[in-house]
Trainee: 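Sharing a structure, written as structure tokens. Questions coming.
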Amino acid sequence: MTARRRYWLMKSEPDAFSIDDLQRVGTEPWTGVRNYQARNNMRAMQVGDGVLFYHSSCDVPGIVGTATVASVPYPDPTQFEAKSDYFDPKSTHAEPRWQLVDVSFERKLARTIALEEIRQHADKLGEEFALIRRGSRLSVLPVSAAQWKLLLSLE
DNA sequence: GCCAACGTTGGC
DNA sequence: GCCAACGTTGGC
């Protein structure tokens, strides 16, 4: 029995890793998440789940493409690498603190669905939608099927 | 267990 | 570059 496909939104700074980078490499381990809520969301992911790829901290923040979850959750290797920016000295191999999934490129949108535009649909998306909730900085967040459909209909 | 200080995120 | 909001750390 397979659970129903779920949907997520994942933020990335294009200067560090963009939708074009994902298209080039095909599949990428989503390293570096060091927030428990974001981690918990990745732990809940299943292979085949849909991902909205979002560019943050750039000229026009917004959704730029779609991807799919390509692995089950597994320990983020960078937490054990002393030279990595993401090294976590408190994490152990026996009890890894941080998990990630692999993400595979699906497609690039014809245009960026800008955050500014997304906000205009707040009434339909719901006040709780973490992407547009005031002060929310969550980088991996759940998206309902209805939100997924609405957001992609804006393309 | 409280909370001030600090660091980070991310829009603007 | 600024700064609001948030999460984490560490002294007490």
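Model, not experiment: these values are computed from the prediction. Chain identifiers are assigned alphabetically (A, B, ...) following the order of the sequence lines, protein sequences preceding nucleic acid strands; residue numbering begins at 1 within each chain.
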Trainee: Rounded off to whole Å, could you give me the OH-to-C1' distance for the A:Y86 and B:dG7 pair?
Mentor: 15 Å
Trainee: Classify the ring geometry between A:F53 and A:F17 as parallel (under 30°), tilted (30 to 60°) or perpendicular (over 60°).
Mentor: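 The rings of A:F53 and A:F17 sit tilted, inter-plane angle from 30° to 60°.
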Trainee: Rounded to whole angstrom units, what separation is found between the CG atom of A:D59 and the P atom of B:dC12?
Mentor: 13 Å
Trainee: Between A:D88 (CG) and C:dT8 (P), how many Å, whole number?
Mentor: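 Those two atoms, CG and P, are 12 Å apart.
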Trainee: For the pair made of CG in A:L131 and P in B:dT9, what is the distance, rounded to whole Å?
Mentor: 17 Å
Trainee: Among C:dT8, B:dC12, B:dT8, which is the nearest nucleotide to the side chain of A:L115?
Mentor: B:dC12
Trainee: I want to check one thing: is the phosphate of B:dG11, taken as OP1 and OP2, less than 4.0 Å away from some side-chain N or O of A:Y54?
Mentor: yes
Trainee: Find the distance A:R119:CZ to B:dG11:P and express it as a whole number of Å.
Mentor: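 My rounded result for the distance is 8 Å.
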Trainee: Hydrogens and angles aside, do A:N41 and A:W8 bring a side-chain donor and acceptor to less than 3.5 Å of each other?
Mentor: no
Trainee: Hey, mind stepping through A:S18 and A:R24 against side-chain hydrogen bond (donor to acceptor under 3.5 Å, both in side chains) and telling me if it holds?
Mentor: CA-CA 10 Å; A:S18 70; A:R24 196 180 63 252; over 6 Å; no
Trainee: Working to the nearest 0.5 angstrom, can you tell me the gap between A:L52 CG and A:I63 CD1?
Mentor: 4.5 Å
Trainee: May I have the distance from A:N35 (atom CG) to C:dT9 (atom P), rounded to whole angstrom?
Mentor: 12 Å
Trainee: Go through B:dC12, C:dG7, C:dT9 for me and flag the one nearest to the A:K90 side chain.
Mentor: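 From the listed options, C:dT9 comes nearest.
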Trainee: Quick one: which of B:dG7, C:dT8, B:dC12 gets closest to the side chain of A:R137?
Mentor: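 Looking only at heavy atoms from C-beta outward on A:R137, the closest nucleotide is B:dG7.
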Trainee: Please check the phosphate of B:dT9 (OP1 and OP2 only) for any side-chain N or O of A:K11 closer than 4.0 Å.
Mentor: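 No, because none of the side-chain N or O atoms of A:K11 sits under 4.0 Å from OP1 or OP2 of B:dT9.
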Trainee: Could you give the CG-to-P distance, from A:N40 to C:dG7, as a whole number of Å?
Mentor: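 Rounded to whole Å, this separation is 13 Å.
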Trainee: Mind calculating the distance between NE2 (A:H55) and C1' (B:dT9) to the nearest angstrom?
Mentor: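 Checked: the NE2 to C1' distance equals 17 Å.
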